[in-house]
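Bear in mind that the values here come from a model prediction, so they are computed numbers and not experimental data. Note on naming: letters A, B, ... go to the chains in the order of the sequence lines (proteins, then strands), and numbering restarts at 1 for each one.
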2 protein chains.
Amino acid sequence: MSEPLHERIRAEVEARILSGDWPPGHRIPFEHEFTAQYACSRMTVSKALCELADAGLIERRRKAGSFVRRPQGQSAVIEIHDVASEVASLDRAYGYTLLSRARRRATAQDRERLALARGATVVALRCRHDADGLPFCLEDRLISLDAAPDAASESFAADPPGAWLLARIPWTSAEHRIRAERAGAAAATLGLGQPTPCLVIERRTFAGEAPVTQVILTYPGAAHELIARFSPGRD
Amino acid sequence: MSEPLHERIRAEVEARILSGDWPPGHRIPFEHEFTAQYACSRMTVSKALCELADAGLIERRRKAGSFVRRPQGQSAVIEIHDVASEVASLDRAYGYTLLSRARRRATAQDRERLALARGATVVALRCRHDADGLPFCLEDRLISLDAAPDAASESFAADPPGAWLLARIPWTSAEHRIRAERAGAAAATLGLGQPTPCLVIERRTFAGEAPVTQVILTYPGAAHELIARFSPGRD
DNA sequence: TAGTGGTCTAGACCACGCA
DNA sequence: GCGTGGTCTAGACCACTAG
């Protein structure tokens, strides 16, 4: 058995669908018909068809059967890695510089960035990530000391705060905003001329309802792409 | 049985992992231990643990057991909607204009964009999506006639090609690239001054190994953000 | 109501990888 | 070696739902 049988069934049904042999809306054979065709048990067929259903290629309805789905594709999936591993995956040397660190009672702007209550205290960091000695990304981060009290005694001089937080504070949800922007205050730090467009990623992370951190990552547009390969999901 | 048992097992193990109770590297109980704990068969436990492995939360090794995986960096999920529904969700009036349409043997550049074989034919489209009468997004699309022969006889004068393709051609995977760019050729069409940064989304879609379509969407940066809220779980 | 998929069982054999 | 997970079987009962 070089290849699992359920995998072979899945691949053959998938090929029928992708070739157009079984067009959208077509009812594919019942499970018991596959068990006869492949001389196997129902569990094996079921596993193959469930994989196709998870992949969004078919829809299964009790009593009616399984049908080829009309492709949905409204939404997609993108992976966003943390900066250090991003640089590492490009096979370039990673460098990190802390530009500034401040501990303060949250200003009005801080409270808006991080959805904080009045009177909360934060650590504000600015740092630069380098690849092969060249500026790769500018990071502007707020950390809530309510969520991460240890951040108050951490200098962040040697290691970037992203990995530090990730290793300590469990998070349950995050919100991303991605946009293009003209390099403003970041231009000088990144060694850019003014008109250079940048890719800006804003991320707010929460543990339950409590805000943990907010970060603005600015990448020189020419030097960076978000890349992802993905498959349609269930939905 | 309101909830399948394998689902309950999956949820309880996932909770242990996300709470930090079982930290990265921790070996979780063997399948036979779960069968004792839940008084169920091995298949049921296996299904639950396979789901967690698919989601990237655990790694399973023969003889050794199953282990909590270290977080893969900050991998995340972002939804990318198609342009028409994007405009609709902003509660603005959607408009569509076909700028050009050509059918041709694939040029070298076309072949690179769409990973096509020599001698393939394509339909090349340029169109503009408007919101409340203002340019919202510029679309530059290639369609492989091998994958979508009907595109040869479709004018695309009234309806955007994205939805047309989605309704007809099933796809199994796609590749996205997102970057910031200075408005170049797109500037005039979008009614922009030259230095305006744009958010550029490139998407290549495949059915199995066969390329279907490639599209470059250019959004004026100030007018557009990708926004997503997500939770950790499936990678 | 009858037939489908969803779930589950109590076994089994095998491949792999750590000893 | 030997124990793990990977796969598979030949049944079973149940929930859902189209007819």
Side-chain angles (χ1 to χ4, degrees), chain A residues 1-14 16-17 22-70 72 232-235, chain B residues 1-17 22-70 72 170 234-235:
Chain A
M1 182 205 314
S2 61
E3 178 194 41
L5 181 53
H6 69 84
E7 187 62 22
R8 197 184 127 206
I9 298 175
R10 188 202 56 72
E12 291 187 11
V13 173
E14 182 177 299
R16 293 268 197 147
I17 294 173
W22 289 342
H26 176 85
R27 185 184 65 68
I28 75 175
F30 297 124
E31 290 191 353
H32 68 80
E33 297 179 281
F34 280 114
T35 64
Q37 180 186 338
Y38 289 96
C40 68
S41 79
R42 229 193 94 202
M43 283 283 314
T44 305
V45 172
S46 176
K47 180 156 189 167
L49 297 190
C50 281
E51 285 170 11
L52 288 171
D54 283 347
L57 278 181
I58 64 172
E59 179 185 353
R60 317 197 73 198
R61 292 203 299 270
R62 288 171 157 109
K63 168 71 178 180
S66 301
F67 299 83
V68 178
R69 285 230 314 193
R70 226 160 275 288
Q72 299 300 313
R234 61 209 97 161
D235 58 356
Chain B
M1 182 205 314
S2 61
E3 177 194 41
L5 180 54
H6 68 84
E7 186 63 23
R8 198 186 125 205
I9 298 174
R10 187 202 56 73
E12 291 187 9
V13 173
E14 182 177 300
R16 293 266 196 147
I17 295 173
W22 288 344
H26 177 84
R27 186 185 63 70
I28 75 175
F30 297 123
E31 291 192 352
H32 66 81
E33 297 180 280
F34 281 114
T35 64
Q37 180 185 340
Y38 289 96
C40 67
S41 81
R42 227 193 95 201
M43 284 278 325
T44 305
V45 172
S46 176
K47 181 157 189 165
L49 297 190
C50 281
E51 286 169 11
L52 289 170
D54 284 347
L57 279 180
I58 65 172
E59 181 185 352
R60 316 197 71 198
R61 290 204 300 270
R62 287 173 158 105
K63 170 70 179 180
S66 301
F67 299 82
V68 178
R69 290 230 306 197
R70 267 158 231 296
Q72 296 295 81
R234 65 195 100 186
D235 60 356

Between protein and nucleic acid, restricted to nucleotides 10-14 of chain C and to nitrogen or oxygen atoms under 3.5 Å apart, what atom pairs and distances do you find?
residue: dA12(C); atom: N6; partner: Arg42(B); partner atom: NH1; Å: 3.3

Roughly, in whole Å, what's the span from CD in Glu59(A) to P in dA18(D)?
11 Å
Under 3.5 Å, side chain of Glu33(B) to main-chain N/O of Phe30(B), donor-acceptor pair present?
yes
Give me the bend of the helix from dT1(C)-dA18(D) to dC18(C)-dG1(D), using the axes of the five pairs at each end, rounded to 10°.
10°
When you measure from the side-chain N and O atoms of Thr44(A) to the phosphate of dT7(D), is any distance below 4.0 Å, counting only OP1 and OP2?
no
Which heavy atom in Ile58(A) sits nearest to a heavy atom in Ser66(A), and how many Å separate them?
CD1-CB, 4.3 Å
Salt bridge check: are Glu12(B) and Arg8(B) linked by an N-O gap of less than 4.0 Å?
yes
Heavy atom of residues 25-32 of chain B under 4.0 Å from DNA chain C: which residues?
none
Which heavy atom of His6(A) sits nearest a heavy atom of Thr44(A), and at what distance?
CB-O, 3.6 Å
Within the structure, does a side-chain N or O atom of Arg60(B) lie under 4.0 Å from either OP1 or OP2 of dG6(D)?
yes
Could you tell me whether Arg60(B) and Glu31(B) have a side-chain N and a carboxylate O separated by less than 4.0 Å?
yes
Strictly distance-based, threshold 3.5 Å: is any side-chain N or O of Arg69(B) a donor or acceptor partner for the main-chain N or O of Gly56(B)?
yes
Spacing of Glu51(B) atom CD relative to dG5(D) atom P, expressed in whole Å:
16 Å
Rounding to an integer number of Å, can you tell me how far His6(B) NE2 sits from dC8(C) C1'?
9 Å
Just how far, in rounded Å, is C1' of dT4(D) from CG of Leu49(B)?
12 Å
Rounded to whole Å, the NZ-C1' distance (Lys47(B) to dT7(C)) equals 7 Å
Between Val45(A) and Arg61(B), who's closer to the 5' end of DNA chain D by nearest nucleotide?
Arg61(B)
Residue pair Cys40(B) / Val45(B): nearest heavy atoms and the distance that separates them
SG-CG2, 3.7 Å
What distance do Arg10(A) atom CZ and Leu57(A) atom CG have between them, rounded to the nearest 0.5 Å?
9.0 Å
Roughly how many Å is it from CG in Asp54(B) to P in dG5(D), rounded to a whole number?
16 Å
Whole-Å distance, Glu3(A) CD to dT7(D) P, equals 11 Å
Decide, yes or no, whether a salt bridge links Lys47(B) with Glu51(B) under the criterion of side-chain N to carboxylate O below 4.0 Å.
no
Please evaluate residues Met43(A) and Met43(B) with respect to the criterion side-chain contact (heavy atoms from CB on, under 4.5 Å), reporting the C-alpha separation (whole Å), side-chain torsions for both, the decisive distance (0.1 Å), and the verdict.
CA-CA 10 Å; Met43(A) 283 283 314; Met43(B) 284 278 325; 3.2 Å; yes
Say you draw a straight line from CH2 of Trp22(B) to CD1 of Ile28(B); how long is it, rounded to the nearest 0.5 Å?
6.0 Å
On DNA chain C, nearest-nucleotide positions of Ser46(A) versus Lys63(A): which is more 5'?
Lys63(A)
Heavy-atom distance under 4.5 Å between the side chains of Val68(A) and Pro170(B), does that happen here?
no
What integer distance in Å separates Tyr38(B):OH from dC8(C):C1'?
16 Å
